[in-house]
Every structure is written in structure tokens, then in C-alpha cells.
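Below you'll find the structure, written out as C-alpha cells, and then a few comments.
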Amino acid sequence: MEHVLTLYNTLSREKELFIPLNSPHVGLYVCGPTVYGDPHLGHARPAVIFDLLFRYLQHLGYKVRYVRNITDVGHLENDADEGEDKIAQKARIEELEPMEVAQHYLDRYHHFIYTLNVKPPSIEPRASGHIIEQLGVIKRILDKGYAYESNGSIYFDVAKYNQKHHYGQLSGRVLDDLYSATRDLEGQSEKHNHFDFALWKKATPSHIMRWPSEYSDGFPGWHVECSAMSAKYLGETFDIHGGGLDLLFPHHECEIAQSVIAHGHTPAHYWMHNNMVTINGQKMGKSLGNFITLEEFFTGQHKLLEKAWSPMTIRFFMLQAHYRSTVDFSNEALLAAEKGLKRLTEAVSQLPKIKPGSITTFDLTSFKEKCYAALNDDLNSPILIAHLFEAVKVINGAVAGKESFKAEDLSQLSLLMHLFIEDILGLLPDTTSGQEHPKVLEGVIKLLINLRQEAKTRKDWTTADRIRNDLMELGVTLRDSKEGAEWDIE
RNA sequence: GGUCGGUUGGCCGAGUGGCUAGGCACUGGUCUGCAAAACCAGCUACGGCGGUUCGAAUCCGCCACCGACCUCCA
């Protein structure tokens, strides 16, 4: 099978044909969360986007090893380099063991992300479990002369690196510009230049998360964990490195610098960055405190939320925008996504009801090609969804007898719809509707529908409407059709 | 201040030199006892100014505004 998947590579700023280093194997590394708080809508974006990539690559027949790390150590609370790291600070506040905090939020992350029908990655390494590997990378950088020790801490020498390499090749920056971008923060004195970054930090006496090393009792800097773990599980060179656009600089730039020195080459061939979720036009994130957690979305318990939103609505909402565009949160937009998704999934559920005809009035081949073309064009999920809605129109038309399908085309269409919607986009039918109800409930509702039908037959509209309206109050929607009423529980 | 990106109809959101994005909302119609759903039709836009071109929302220049990054952030 010949694939023509193109992906936008941040490194070249162009869409490039995707050619794996060692087909059919594909190595994919994505920066995961720092587990010191509940996952919010912003965390869901890369999880869903790279889940789409993971699913599509697998569908194309690739054997994908998807590594998504967990940062549970090393992140400094602020760049006053004396600061505690995020996990440790949270632990002090909550009087918990740091690992207890990390575990707690990791569990919460898993729970809510998996609710969005995100597949588990192949490997989910934790930074705290790879101190040895990180020290190994640090050692190699020191041995090559591109890092220096200062008061027990180790810093990467960016200026020296930039003499032979381009620090800024990924983010499009020039080091000279960084010289002028002065931000005199506390605790910079250990560094030769403010843009040097920590590979290893000596722990202060009160710092709980610490590991012994030949330099000091301390902990690794943030950037080195990804270099160490990606190399360990995917090799020193692998196919795709992903993450949020906000990690482009400095995090990914630092990763490249570390790998170039430690391993002799850049780590990944393709760099993919998902854009941000915004709220009122601004990035949703920790810093601004304008985030809404996934739990709040699912329960509706947030002052900005008009109601609860289902996981699939959230997922569909994200997939309706291209991953490199920002996507703006609003109740109105979510409502539109909710209704659109319902239209999509209901059409699919109508498929078995279509009676095959002698001709097919829909160009299935073209439809299939267009769907693949959309995905192959840098994972253009909004275009794919637009094509799926074209099929929705035809399906509904067939149910109404205005369109027709031959039996084999009908099953083909059914396969394609399930493939794209469920397997690739990962949109599951709403679990609160469908046939998963107790038999007693089904029986009772059918009884009421029959009573209503009898009322309708004798033109007793009062009774008929009462049954329909009262059921509606209880969340049971009735829809009349020629074959009788259908029902659905909200 | 520097780097990068954006500005599309009532809302969300694709696209990219000529040809309908799509969804939601709204309006009219068909169907229905009424409603819902569905179907049909309508609403038809590309920040401003200049340039290139037979033709630009799409290419180029300038301007305005917004955002991301430059400090931890998905």
C-alpha cells in the first residue's frame, strides 16, 4: 500500500511527505503533562490530536511505538533557579509525599484523558524513573565540553553550541536576539548567560526530591528528560516528535541542542506542534488561571459553563478545528459541536434501516478518496468531517427514499463511516443512548409508546401529547416515523 | 523590543489564483394531528490601503488590530 501522508514539519515550516526511517516501524514521541494539577481542556488537545495521528498511522499499517512521557520531577516553579520544583511545592502545600502528589494527578490525568477515548500510548515513561539515563546524557554533554558546572549545578553552554550549530533552528530564533531579550531574574548568577539552561540542579537542603550524582545531590533539569527517554525507547533518531506549540521554545529547542551534542544529531525528523485552546481569544493555561478542567466540563460545574458537556462533544469540538489552528472555547461553539456530532452519529445509526436498491446514487469511490486525502493532508480532520457530513446527507436521503444504495455499496459505506468516525477520529456513539438499557425499562417505554399509539388512533391528542411530553421531562425523546415511534434517552 | 502566527458570513471553522467548504443558528417550504427528526430552498463572507494578474479572500508591499513564544505552561 502506497501512502501519501504529508505532515507539517515545524523544522522546515512546510508540509512534507511522511517517510519513516524504518518502515513499517514508526517512532512517535510526544511531551506529556507535568502532573501537578488536574487536566484541563488545554491538556486534552495534544492528547486527542496525537491520538488521531497514532490511530491513523496504525490504520495505514504502520507499527507505531508511541511514547508519551510523564513529567513528575524537574520542572522549576519559576526561573528564579533557587525555586522548588512544581511537584515538590505542591507536596509541601498539601503536606503529601511528592510521589503521592504525582501519582494522584497522574491517575486523574489518565481517568479524564481516557474518558475522551484517547488510546494509551505504547510506553509512558516517568522522568523520576529515568534519572540514570538523564545523568548519562548530561555526562556526554559535559564530556564533549558543552556544559559547565557551577556550584554543583550543570548548565548547557548555549553560546558555545551556537558557534557550530544553530540554537534556534526549530523556533526560528537567532541567538543575538536572545542576548538583547534581557530578563534579569533572580538566581541567574550561576549561569554564564541567561539563556543557558539547567541540565542538573543542586538541591537546596529543604528540597525533598533529590538524587545523588557526582555533581551534587539534586535533580535533573526539565529538558533533559525528553532527550534521555526518547533515546532510550525510540533510539537516538526517530520519526516524529510532537507537543504543544508552547513547548517549541525553549523546550524543544533545548532538546535538539542536547541531542546534537550528546548523540551527534537532531532527535526527530518531523516536529509537530498542536496549537492552543483559547478562551476569549487568550491561551487557556495555568499561568492566566483561565482554565476549565475536564472534570468541570463533564459535570458542568464551572461558572463559565452553561451545562455539562460530554467527552465526545469535547473530542468532536477539537477535531472540528485543524490541529495547527487555535480553537476558541465558548458554550455556543460547544453546543454547535454537540448538535453536529449528534447529526453525524444518528445518521450512522440509521444505516441498518436503509433498504438496498438496484442502483447507487452516491459516488463511494470519490467519497473514500476525499476522506483519505483530507487525512493525508496534514491530518485535516475538519475537511474529513465535512466530507462525512456529505455522506450524512445522502444517508438521510436514502432513509427518506430519495437516495438509493445497492446492497454491497451500503455495507461498504457502513464500513467507511465506522472506520473514519469510530476507528480513526475515535468518536464513540454516545454511551447514554442506544440499546444498553435494562429490559424492564425498554418494556415500560414500549408499553407507553403502544398506549400513545392507541390514543393517536382514536385521535386523543391530549393523551398522546401527555405521554410524549412527560417522557420528554424524564429525558426520553420520542420521534414518530412511518414504522412507529423511536425513542432515545438523553 | 525580538521571533513566529493569525484577522473569513450571526457563531464556530476549512480552503487558497477563476469553480458550493462543513457544522450550528436563523428564515421560508415539504412531511406530520401537533411537535421532533429528516429533506428542499434562502441567508453567501474573506481586517484596511495599494500593487501584480485577463481574474485575488487566495500572490507581493505597507498599515491596523489580535495572539503565542522570548520565564513554567499542552
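Chain letters run A, B, ... following the sequence lines, proteins first, then strands; residues in each count from 1. This one's a predicted model, so the numbers in the text were calculated from it and none came from an experiment.
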Report task. Would you check if there is a donor-acceptor pair between the side chains of A/Asp328 and A/Thr326 at a distance under 3.5 Å? Result -> no
For this session: Look at A/Lys339 and B/rA25 and indicate whether a side-chain polar atom (N or O) is within less than 4.0 Å of OP1 or OP2.
Result: yes
- Has A/Arg343 got a side-chain N or O lying under 4.0 Å from the OP1 or OP2 atom of B/rG23? yes
Query raised in the report: If only side-chain N and O atoms of A/Asn469 are considered, is one of them under 4.0 Å from the OP1 or OP2 phosphate oxygen of B/rA35?
Result: no
(request) Answer yes or no: side-chain N or O of A/Asp480 and base N or O of B/rC34 forming a donor-acceptor pair under 3.5 Å. (result) yes
Contacts of A/Asp470 meeting side-chain contact (heavy atoms from CB on, under 4.5 Å) (sequence neighbours excluded), chain-then-number -> A/Arg466
From the list A/His251, A/Glu253, A/Glu255, side-chain hydrogen bond (donor to acceptor under 3.5 Å, both in side chains) with A/His223 holds only for A/His251
Aromatic-base stack, A/Trp461 on B/rG33, cutoff 5.5 Å, angle under 30
yes
Legend entry - Phosphate contact (B/rC4 OP1 or OP2) by A/Ser171 side-chain N/O below 4.0 Å: no
Would one find a side-chain N or O of A/Arg324 under 4.0 angstrom from OP1 or OP2 of B/rG15?
-> no
N/O donor-acceptor pair, side chain A/Asp465 with base B/rG33, under 3.5 angstrom:
yes
Between A/Arg45 and A/Glu346, whichever has its closest RNA chain B nucleotide further toward 5' is A/Glu346
Exercise. Taking only side-chain nitrogens and oxygens of A/Asn396, does any of them come within less than 4.0 Å of OP1 or OP2 of B/rC39?
Worked result: yes
Heavy-atom nearest nucleotide on RNA chain B taken for A/Glu390 and for A/Thr278; more 5' hit belongs to A/Glu390
Look at the rings of A/Phe156 and A/Phe197 and say which category their plane angle falls in: under 30° parallel, 30 to 60° tilted, over 60° perpendicular. parallel
In whole angstroms, the gap separating P of B/rA74 from CG of A/Leu52 amounts to 21 Å
CA sep, side-chain torsions, deciding dist, call: A/Lys370, A/Asp363, salt bridge (Lys or Arg N to Asp or Glu O under 4.0 Å): CA-CA 11 Å; A/Lys370 285 192 288 185; A/Asp363 190 342; over 6 Å; no
When rounded to whole Å, the NE2 to P distance for the pair A/His241 and B/rA74 reads 14 Å
Using only side-chain N and O atoms of A/Thr34, determine if any of them is under 4.0 Å from OP1 or OP2 of B/rA74.
yes
Encoded 5' to 3' (Watson-Crick or G-U under 3.5 Å; [ ] crossing; | other strand), RNA chain B becomes (((((((..(((.....[...))).(((((.......)))))....(((((..]....))))))))))))....
Contacts of A/Arg108 meeting salt bridge (charged side-chain N to carboxylate O under 4.0 Å, His left out) (sequence neighbours excluded), chain-then-number -> A/Asp38, A/Glu295
Item to check | B/rA38 base / A/Arg479 side chain donor-acceptor hit below 3.5 Å | outcome: no
Per ring-ring contact (aromatic ring centres under 6.0 Å, His included), A/His241 is matched among A/Tyr29, A/Phe50, A/Tyr270 by A/Tyr29
